[in-house]
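Working notes for the structure below.
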Amino acid sequence: MLAAFGLLLAGLVPALTLGGPAQGKADNKVVFHVAMLGEGVDSLNPFLGFQAPSYEMWGLTYDYLTGYSMKDMSPEPGLATKWTTSPDGTTWTFTVRTGVKFSDGVPLTAKDVAYTFNRVLHGTAESQNWLSYLKGVTSVTAPNDSTVVLKLKKPSATLPLLPIPIVPEHVWKDVSEKAIKSYAAEPKNGEPVVGSGPFRLVSGTADGQTFKFEANPDYWGGTPHIDEVIFQFYKNDDSAVQALIKGEADFVEGITALEVKSLESNANIQAHNGNSPGFDEIAFNAGSVADAKGTKKIGNPNPAVLDPKFRHALGYALNLPQLISKVYQGAGLPGTTIVPPNYTQYHWEPPADQKFTFDLTKAGQLLDEAGYKKGSDGFRTLPDGKPIGTLRLAARSDSPTSLHTMDYFKTWLSDLGIKSEVSTYSSSALTDQIYKGNFDAFQWGWYVEPDPDSMLSYMTCGQRQGSSDSFYCNPEYDKLYDAQHVETDHAKRVADIKQMQEILYRDSPYLVTAYSSIGEAVRTDRFKCLVTQPNPGGIWLEQYGVYNYVHMKPASDTSDCDAAPGLTGAVKASADTGSSSSNTPFLIGAGIVVLILLAGGGVTLMRRRQTVEDRE
Amino acid sequence: MSLVVEPGAVAEAEVAPGSQARRRGYGSYVGVKFLGAVGSLFFMLLVNFFLFRVLPGDPARTLGRGRLTSQAQLDAFNKTYGLNEPMPQQFLTFLKNIAHGDLGISLQYKLPVSQLILDRLWPTILLVGTSTILSTLIGVYIGLRGAWNRGGWFDRISSGSSLTLYSMPEWWLGLLLIAGLGVGFAFVPGLFPTGGLHSPNVDPGSIHGVFDTMWHLVLPVTTLTLAYLAEYALIMRSSLLDELGEDYLQTARAKGLRDVVVRNRHAVRNALLPTTTLIALNLGFVVSGAITVETVFSIPGLGLLSTDAIGVPDFWVLQGTFLVASAGVIMANLVANLIYGWLDPRVRT
């Protein structure tokens with residue numbers, strides 16, 4: 001019995017220890033392991049998903065007609081090499097790159113582009129996510145294999161930005177309108193998803209934890225310098241950071257400012273807080289109504305927050321530097337308008353005499369002027385002399401930033417003689433409260449796309465009960481919005497957009513508190529040449545486009561980074577580039593088996609001995 | 001034959017003349033219990049539909065925030081997933097789909113719910129099942145060792161430490177293990193992975209993959225086992241203590257049996273009954289998973305699926321996971337009832 005057991009063990013152990021590593025290191029592939037945090041991939045079908053990581057997956061798999069520059073995210077050639085506009089701005093003609101092939105060898109032509117856009121224009125499921133980019137487009141045609149023509153009712157200022165993934169017609173024509181709502185577009189039987197992007201998705205499924213991509217050697221933008229990209233999703237940021245420290249991951253995205261700080265001391269890791277194109281705000285109920293026309297008032301906003309003068313005065317009661325240092329741990333910038341400064345050409349920076357500063361005296365003065373004077377009890381009253389009462393501030397329970405911001409806001413309000421209370425809701429519960437108008441103020445944030453058009457639209461009257469969450473409505477603003485959307489003169493459009501931000505700053509439906517940042521860290525002993533977008537100061541990973549995936553290099557590669565005119569601060573390799581891959585997993589796995597077998601064997605032996613004793 | 005008087009034997013002696021009636025009685029007992037279970041399941045189906053409709057939130061607005069920027073796009077989303085239909089119509093569609101075994105399409109992941117649940121079922125069963133088995137075996141052993149030498153050093157240490165572990169939140173215990181054994185400290189290297197069910201780049205079907213999965217499961221399984229341990233240890237300990245005063249143990253000792261035999265052959269067998277109940281009930285909860293531990297260790301199980309679905313709210317997924325969880329509990333109860341009815345005829349009246 002014992003001897004047999006020993007033989008079994010002797011046979012098992014070497015097989016395990018040898019079998020494991022051999023498989024992992026068969027060929028010296030350069031694999032970029034990314035630890036992702038937060039929401040996972042909600043769909044690999046580019047018509048259905050919404051979450052940011054899904055965009056990353058489609059970005060690697062598919063191509064786009066136009067791309068975004070690394071410098072400031074302005075339009076750049078993608079599949080389209082050039083484009084022209086008719087003088088009246090209602091016809092756009094794109095010239096599509098020739099020689100591009102899908103991963104199954106079928107050439108990509110203008111017909112595929114027209115097919116994709118037409119599905120968005122005429123479908124239901126297909127139109128959800130992408131219709132806004134084709135706003136005003138009446139027809140899309142491909143007169144030949146290298147030309148796409150877009151006809152519009154009115155000129156559209158958001159063109160030529162068309163970030164819609166181009167899908168292969170020969171694959172998707174078999175996916176009916178009815179089937180597409182649950183069509184996964186995932187690798188099947190080892191066959192990668194058909195696309196023309198720099199990488200090919202070979203394994204992964206929506207809601208999955210692991211996504212594996214292989215480089216496309218025929219990519220028109222150049223063969224990537226890495227062989228594989230693997231995304232591993234973590235639910236817990238501690239685990240993700242530890243994976244980076246241990247070398248299980250080469251990159252981690254979405255970590256906190258404190259984690260960035262602790263990683264900075266590691267010689268083989270470069271960590272930073274990249275400015276992301278998003279902002280956080282305190283939003284007010286500027287007049288909740290039941291529909292976009294505003295015919296019926298709903299909810300119960302405090303009369304004070306309905307008044308633009310009251311809201312504007314509170315802008316001077318926000319100690320934004322303190323907020324950034326305490327709540328954002330220093331990672332982020334004090335906010336001003338709803339177009340982040342990342343978008344240099346569109347951002348309006350308030351001049352010194354208009355800009356909010358933390359000045360409670362000035363805030364009090366402005367409130368006095370607007371009629372919100374202090375009563376005998378030390379609390380401010382409405383212009384008609386009635387007490388303001390208690391303002392209801394809502395925070396999101398799933399965001400510590402939201403909770404802390406509102407706690408500070410409550411303190412500042414109380415310094416001004418205004419009572420308030422903070423209630424917390426889950427994001428979905430708060431959404432319900434907002435659309436019912438049952439709030440005075442809440443904290444939330446937005447990501448702003450390279451073209452600010454949709455962000456600007458959220459503040460129009462027509463978006464009430466749509467995407468607007470402040471119910472702000474101002475005909476003067478709406479007129480400018482409509483004008484900029486069809487403006488073909490770029491300089492004139494920028495002027496309109498800046499004026500719109502000025503109006504919002506004055507009326508203050510939002511008090512923008514912070515421009516957020518994203519914590520990222522990379523193993524510099526494994527990879528180099530990553531560049532931020534925008535440059536400088538931006539982020540490395542979830543960019544608009546796939547620059548880094550194509551241009552990053554393994555740290556052991558002694559050649560220089562690819563030439564990148566106008567871009568600075570590419571990640572440098574650290575001195576110690578000996579990549580370490582350990583056999584630990586397999587040894588430990590084998591160790592556990594041995595332990596279990598030993599324990600099992602021991603128990604069996606003991607039992608045998610017992611029965612022998614019992615029999616005696 | 002042992003001299004132990006089993007409860008079933010007494011009952012059998014009392015109703016001995018009607019043994020034929022008893023057999024028929026068991027048949028109808030099974031029928032009633034089975035119908036009851038089917039009824040509960042059907043009731044759960046109905047409750048499921050309406051229960052989740054009262055959750056706050058609107059899927060189109062939660063999922064499509066910043067993406068569904070116009071009313072046309074919001075409408076397209078709602079139309080695609082049938083959310084624009086009036087509630088009674090949605091309920092009829094739901095019943096029709098269920099009759100066809102179709103659990104609907106996840107609003108969040110745009111995949112059939114049945115496929116999602118099947119994908120997520122195995123990690124949960126693997127994690128919670130293994131932990132349940134381990135904690136049962138170890139817990140029962142600790143409980144009986146403790147009770148047998150009540151007040152001894154083993155008893156004091158084991159009761160103390162298992163109670164301490166029982167009082168710890170599972171996720172915190174998990175984080176401690178990650179910090180200690182996953183990351184390593186001072187001179188101790190990190191021995192185990194910090195999350196996930198298997199390494200990327202490893203085929204979970206291969207032998208290599210199986211060991212890799214085992215290696216990944218060590219910390220989460222340890223966490224859950226330690227957390228569940230006290231429950232079994234304490235129940236076992238107290239039920240064995242109850243048995244210790246019984247006369248039959250005196251008899252067994254008087255026969256000259258060794259202490260270990262008295263314990264294992266006589267006392268423990270009777271003391272196991274309450275533990276069996278507990279195991280049967282807990283097995284029903286295996287499918288509902290260990291939500292916090294799945295979150296800490298990023299194990300893609302049913303618990304994680306349900307928590308993700310609540311925030312949306314993803315009605316179809318919630319209905320599906322609740323159906324599976326309640327079916328698990330109902331099944332376990334049914335099986336426990338059937339076994340009881342068979343073991344102890346008094347239950348059937």
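Note on naming: letters A, B, ... go to the chains in the order of the sequence lines (proteins, then strands), and numbering restarts at 1 for each one. In what follows, every heavy atom counts, from backbone to side chain, and hydrogens, waters and symmetry copies are set aside.
To the nearest 0.5 Å, atom OH of residue Tyr109(B) and atom CG of residue Asn45(A) are 16.0 Å apart. We find the OG1-NZ distance between Thr124(A) and Lys79(B) to be 4.0 Å, quoted to the nearest 0.5 Å. Separating the NZ atom in Lys110(B) from the CD1 atom in Ile180(A) is a distance of 12.5 Å, to the nearest 0.5 Å. Taking CD of Gln115(B) as the start and OG1 of Thr205(A) as the end, the distance is 6.0 Å to the nearest 0.5 Å.
For Tyr234(A), the parts lying under 4.5 angstrom from a heavy atom of chain B are both the backbone and the side chain. For a residue to count as touching a neighbouring chain, one of its non-hydrogen atoms must lie under 4.5 Å from one of that chain's; by this rule Asp308(B) touches chain A with the side chain only. Neither the backbone nor the side chain of Val448(A) comes within less than 4.5 Å of any heavy atom in chain B. Residue Tyr435(A) touches chain B through its side chain alone, counting heavy-atom pairs closer than 4.5 Å. Using a 4.5 Å cut-off between heavy atoms, Asp42(A) contacts chain B through both its backbone and its side chain. Proximity to chain B is absent for every atom of Phe211(A), based on heavy atoms less than 4.5 angstrom apart. In this structure, chain A has no heavy atom under 4.5 Å from any part of Ile299(B). Residue contact with chain B, scored on non-hydrogen atoms closer than 4.5 Å, involves the side chain of Glu449(A) exclusively. Looking at Arg67(B), both its backbone and its side chain come within 4.5 Å of chain A, counting heavy atoms on both sides. Only the side chain of Gln71(B) comes within contact range of chain A, with at least one heavy atom under 4.5 Å from a heavy atom of that chain. Looking at Tyr81(B), only its side chain comes within 4.5 Å of chain A, counting heavy atoms on both sides. Residue Ser454(A) touches chain B through its side chain alone, counting heavy-atom pairs closer than 4.5 Å.
In this structure the side chain of Asp207(A) reaches within 4.5 angstrom of the side chain of Leu116(B), judged on heavy atoms. Arg65(B) places none of its side-chain heavy atoms less than 4.5 Å from the side chain of Phe50(A). Put simply, the side chain of Ile105(B) reaches to within 4.5 Å of the side chain of Lys181(A), judged on heavy atoms.
For the options Leu305(B), Leu111(B), Thr62(B), heavy-atom pairs under 4.5 Å to chain A are most numerous at Leu111(B). When each of Gln433(A), Met455(A), Gln465(A), Lys178(A) is checked for heavy-atom pairs under 4.5 Å with chain B, Gln465(A) comes out on top. Counting heavy-atom pairs under 4.5 Å between each of Ser182(A), Ser428(A), Gly123(A) and chain B puts Ser428(A) at the top. Annotation: maximal heavy-atom pairing with chain B below 4.5 Å, among Gly445(A), Ser457(A), Ser54(A), occurs at Gly445(A).
Residue Phe52(B) places its CZ atom among more than 12 non-hydrogen atoms of other residues, nucleotides or ligands, all under 6.0 Å distant.
Taking 4.5 Å as the heavy-atom cut-off, the residues of residues 125-134 of chain A that approach chain B are Ala125(A), Ser127(A), Gln128(A), Asn129(A), Trp130(A), Leu131(A), Ser132(A), Tyr133(A), ordered by number.
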